[in-house]
Q: 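Sharing a structure with you now.
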Amino acid sequence: MVQDNIQPDPEQPGRLQQTGMWTETNCQVIDLPLTKESLVLVLRCALDTEQSPYTHQEIAWWADNFHMAQFDFENPIDETVADVALDLHLQWQMYLDNTYTREELQNLDFSKVRLPAEYFSNWLEQLEA
């Protein structure tokens, strides 16, 4: 995913300038069906720091695909489940933006980034409610 930072250009009022850009490194695609059961599985895997077959980056990308699948009218997804998937993806983006500088993001191995465990616990609680 490409993230950019566009701000007003102080030298040309009414124009924007690009102040930094970073591209998330590629990752493996999680090959699971886009179901609530699979979402619960990846959330539980994220809590197992030693044995998880998935990185948090892979989980965030999978969650984004999961959320986008809710717009497939032939295969609708429960809104609450889709909202958890969207929140996971958005929290990943916000965590990156709030934790690392632009310079760090430009050279970061995203597969090593770990979201706080309580995020995953909270999402599991929402799904089990």
Side-chain angles (χ1 to χ4, degrees):
M1 287 178 221
V2 175
Q3 299 293 322
D4 56 351
N5 189 11
I6 300 174
Q7 299 178 355
D9 187 339
E11 295 179 15
Q12 296 180 355
R15 299 259 181 167
L16 299 176
Q17 68 176 352
Q18 192 164 346
T19 59
M21 181 177 266
W22 55 274
T23 302
E24 207 171 305
T25 52
N26 286 331
C27 65
Q28 296 293 317
V29 175
I30 296 175
D31 187 23
L32 289 173
L34 302 174
T35 63
K36 178 181 179 180
E37 294 75 23
S38 294
L39 180 57
V40 168
L41 173 69
V42 298
L43 293 174
R44 287 189 179 137
C45 285
L47 290 170
D48 185 357
T49 58
E50 298 297 318
Q51 300 295 322
S52 179
Y54 313 118
T55 66
H56 286 194
Q57 178 192 25
E58 291 167 342
I59 292 169
W61 283 36
W62 184 85
D64 183 44
N65 289 335
F66 188 101
H67 173 256
M68 294 306 292
Q70 79 171 325
F71 302 109
D72 179 359
F73 297 109
E74 293 178 19
N75 205 5
I77 297 171
D78 178 273
E79 187 176 332
T80 302
V81 178
D83 287 347
V84 167
L86 174 62
D87 192 43
L88 193 163
H89 175 71
L90 293 176
Q91 290 300 327
W92 170 257
Q93 293 296 316
M94 288 190 294
Y95 185 81
L96 294 174
D97 283 339
N98 293 328
T99 305
Y100 302 97
T101 66
R102 291 279 171 213
E103 293 77 27
E104 289 172 320
L105 288 167
Q106 290 172 343
N107 299 304
L108 186 64
D109 179 354
F110 292 87
S111 69
K112 305 288 187 221
V113 176
R114 309 250 338 139
L115 293 173
E118 59 267 14
Y119 289 13
F120 295 98
S121 297
N122 290 337
W123 291 317
L124 280 168
E125 287 177 20
Q126 291 175 40
L127 293 174
E128 294 168 352

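Both backbone and side-chain heavy atoms feed into the values below; hydrogens, waters and symmetry mates do not.
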Q: Just verifying a value: how many Å separate Asp83 CG and His67 NE2, rounded to the nearest 0.5 Å?
A: 6.5 Å
Q: Side-chain contact, heavy-atom cut-off 4.5 Å: Phe110 with Leu96?
A: yes
Q: Just how far is it from atom OG1 of Thr55 to atom CD1 of Ile30, taken to the nearest 0.5 Å?
A: 7.0 Å
Q: Please step through side chain to side chain contact (heavy atoms under 4.5 Å, CB included) for the pair Arg102 and Asp97, ending with a clear verdict.
A: CA-CA 8 Å; Arg102 291 279 171 213; Asp97 283 339; 4.1 Å; yes
Q: Once rounded to the nearest 0.5 Å, what's the spacing between atom CH2 of Trp61 and atom CD of Gln28?
A: 11.0 Å
Q: Any side-chain heavy-atom pair from Phe66 and Val81 closer than 4.5 angstrom?
A: yes
Q: CE of Met94 to CG of Asp87: how many Å apart, nearest 0.5 Å?
A: 6.5 Å
Q: In this structure, are over 12 heavy atoms from other groups packed under 6.0 Å from Glu79 atom CD?
A: no
Q: Run the side chain to side chain contact (heavy atoms under 4.5 Å, CB included) check on Val113 and Tyr100 step by step: do they pass?
A: CA-CA 10 Å; Val113 176; Tyr100 302 97; 3.7 Å; yes
Q: Is any side-chain heavy atom of Glu50 less than 4.5 Å from a side-chain heavy atom of Asp48?
A: yes
Q: If every non-hydrogen atom of Arg114 is compared with every non-hydrogen atom of Thr49, which pair is closest and at what distance?
A: NH2-CG2, 3.0 Å
Q: Show the nearest heavy-atom pair for residues Val84 and Gln126, with the distance to one decimal.
A: CG2-OE1, 3.4 Å
Q: Report yes if the side chains of Tyr119 and Leu88 come closer than 4.5 Å at any heavy-atom pair, otherwise no.
A: no
Q: Measuring only between side-chain heavy atoms, which start at C-beta, is Leu105 closer than 4.5 Å to Leu108?
A: yes
Q: Transitively linked via ILVMFWY side-chain contacts under 4.5 Å: Leu90 with Trp92?
A: no
Q: How far apart are the closest heavy atoms of Ser52 and Ala46, and which atoms are they?
A: OG-N, 4.2 Å
Q: From Met68 CE over to Leu86 CG, what is the distance, rounded to the nearest 0.5 angstrom?
A: 9.5 Å
Q: Flag the pair Leu39 / Arg44 as yes when at least one side-chain heavy-atom distance between them is below 4.5 Å, and no otherwise.
A: no
Q: For the CG atom on Asp109, are there more than 12 heavy atoms of other groups (residues, nucleotides or ligands in this structure) within a distance under 6.0 Å?
A: yes
Q: Quick check: closest heavy atoms across Ser121 and Leu47, and the distance to 0.1 Å?
A: OG-CD2, 3.8 Å
Q: With heavy-atom distances below 4.5 Å as the criterion, would you say the side chains of Trp62 and Ser38 are in contact?
A: yes
Q: Between Lys112 and Glu104, is there a side-chain N and carboxylate O pair less than 4.0 Å apart?
A: no
Q: Would you please indicate if the ring centroids of Phe120 and Trp123 are separated by under 6.0 Å?
A: yes
Q: Should Asn107 and Glu103 count as side-chain neighbours, where that means a heavy-atom distance under 4.5 Å?
A: no
Q: Atom OH in Tyr54, atom CG in Asp31: separation rounded to 0.5 Å?
A: 8.0 Å
